[in-house]
*Asks:* 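Let me begin by handing over the structure; questions about it come next.
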Amino acid sequence: MIVNMGILDTVTSVLAASTQQAPGDGGDDGSSGAYWCDDCGVRVRDVNVDTEGLDRDAEGTPVCPDCGDAMRFERATGSDCAC
């Protein structure tokens with residue numbers, strides 16, 4: 001019985017560690033999601049729009065750097081980033 005509990009504790013520890021985010025892997029950087037271009041497949045996280053120099057349309061929506069169409073915003077769900 002002690003051997004089985006040791007195995008259970010090990011498996012539980014491994015599973016708990018696998019759900020933790022690594023430093024610099026998204027995290028709490030203020031991101032709410034990402035902008036997507038459905039035609040080109042271009043994706044830019046909302047916190048990177050300005051640093052990547054994307055232009056914006058009249059409504060302030062980033063435009064795709066490849067085709068120039070307005071990008072669609074997709075909100076991240078849960079604690080994961082919109083990757």
Side-chain angles (χ1 to χ4, degrees):
M1 187 71 136
I2 293 174
V3 173
N4 288 338
M5 289 303 291
I7 293 172
L8 182 60
D9 289 340
T10 301
V11 170
T12 302
S13 296
V14 169
L15 291 175
S18 71
T19 61
Q20 296 176 355
Q21 288 184 336
D25 211 18
D28 190 18
D29 60 359
S31 178
S32 297
Y35 287 94
W36 294 83
C37 179
D38 294 319
D39 293 332
C40 299
V42 173
R43 175 192 166 274
V44 179
R45 292 182 64 222
D46 60 343
V47 294
N48 295 335
V49 168
D50 293 328
T51 57
E52 292 195 21
L54 268 65
D55 292 328
R56 295 178 185 262
D57 65 10
E59 296 175 5
T61 303
V63 296
C64 177
D66 290 351
C67 71
D69 287 344
M71 298 175 82
R72 173 181 55 87
F73 182 73
E74 185 171 298
R75 180 171 296 281
T77 59
S79 61
D80 296 333
C81 70
C83 302

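The residues of the chain are indexed from 1 along the displayed sequence.
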*Asks:* Should Met71 and Val49 be regarded as members of a common hydrophobic cluster, given that ILVMFWY residues are connected when their side-chain heavy atoms come within less than 4.5 Å of each other, either directly or indirectly?
*Replies:* yes
*Asks:* Return the minimal non-hydrogen interatomic distance between Leu54 and Pro62, and the atom names on each side.
*Replies:*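 In terms of heavy atoms, the two residues are closest at CD2-CB, 3.9 Å.
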*Asks:* Before giving the answer on salt bridge (Lys or Arg N to Asp or Glu O under 4.0 Å), spell out for Arg75 and Asp46 the whole-Å C-alpha distance, their side-chain angles and the decisive distance to 0.1 Å.
*Replies:* CA-CA 9 Å; Arg75 180 171 296 281; Asp46 60 343; over 6 Å; no
*Asks:* How does the hydrophobic cluster around Val47 look, that is, which other residues are in it when side-chain heavy atoms under 4.5 Å mark a link?
*Replies:*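 Same cluster as Val47: nobody, lone residue.
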*Asks:* Can you list every salt bridge (charged side-chain N to carboxylate O under 4.0 Å, His left out) pair that touches residues 59-72, not counting sequence neighbours?
*Replies:* Asp38-Arg72, Arg72-Glu74
*Asks:* Kindly give the heavy-atom pair with the smallest separation between Arg43 and Ala34, and that separation in Å.
*Replies:* NE-CB, 3.9 Å
*Asks:* Please list all pairs meeting ring pair (Phe, Tyr, Trp, His ring centres under 6.0 Å) that have one or both residues in residues 52-76, counting only residues at least two apart or in different chains.
*Replies:*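 Passing the test, one end in residues 52-76: Tyr35-Phe73.
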*Asks:* Per the ring pair (Phe, Tyr, Trp, His ring centres under 6.0 Å) rule, what does the pair list look like for residues 53-72, sequence neighbours excluded?
*Replies:* none
*Asks:* Would you check if Arg56 and Asp50 make a side-chain contact, meaning some heavy-atom pair closer than 4.5 Å?
*Replies:* yes
*Asks:* Taking all heavy atoms of Ala70 and all of Thr61, pick out the closest pair and write down the distance.
*Replies:* CB-CG2, 4.3 Å
*Asks:* Using only atom types and a distance under 3.5 Å, with no angle test, would you say the side chain of Asp57 pairs donor to acceptor with the backbone of Gly60?
*Replies:*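 At least one qualifying donor-acceptor pair exists.
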*Asks:* Quick one: do Val42 and Val44 satisfy side-chain contact (heavy atoms from CB on, under 4.5 Å)? Show the steps, please.
*Replies:* CA-CA 7 Å; Val42 173; Val44 179; 4.2 Å; yes
*Asks:* Show me the pairs that pass ring pair (Phe, Tyr, Trp, His ring centres under 6.0 Å) and involve residues 47-69, at least two apart or across chains.
*Replies:* none
*Asks:* Please list all pairs passing the ring pair (Phe, Tyr, Trp, His ring centres under 6.0 Å) test where one or both residues lie in residues 46-67, with sequence neighbours left out.
*Replies:*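 Matches after skipping sequence neighbours: none remain.
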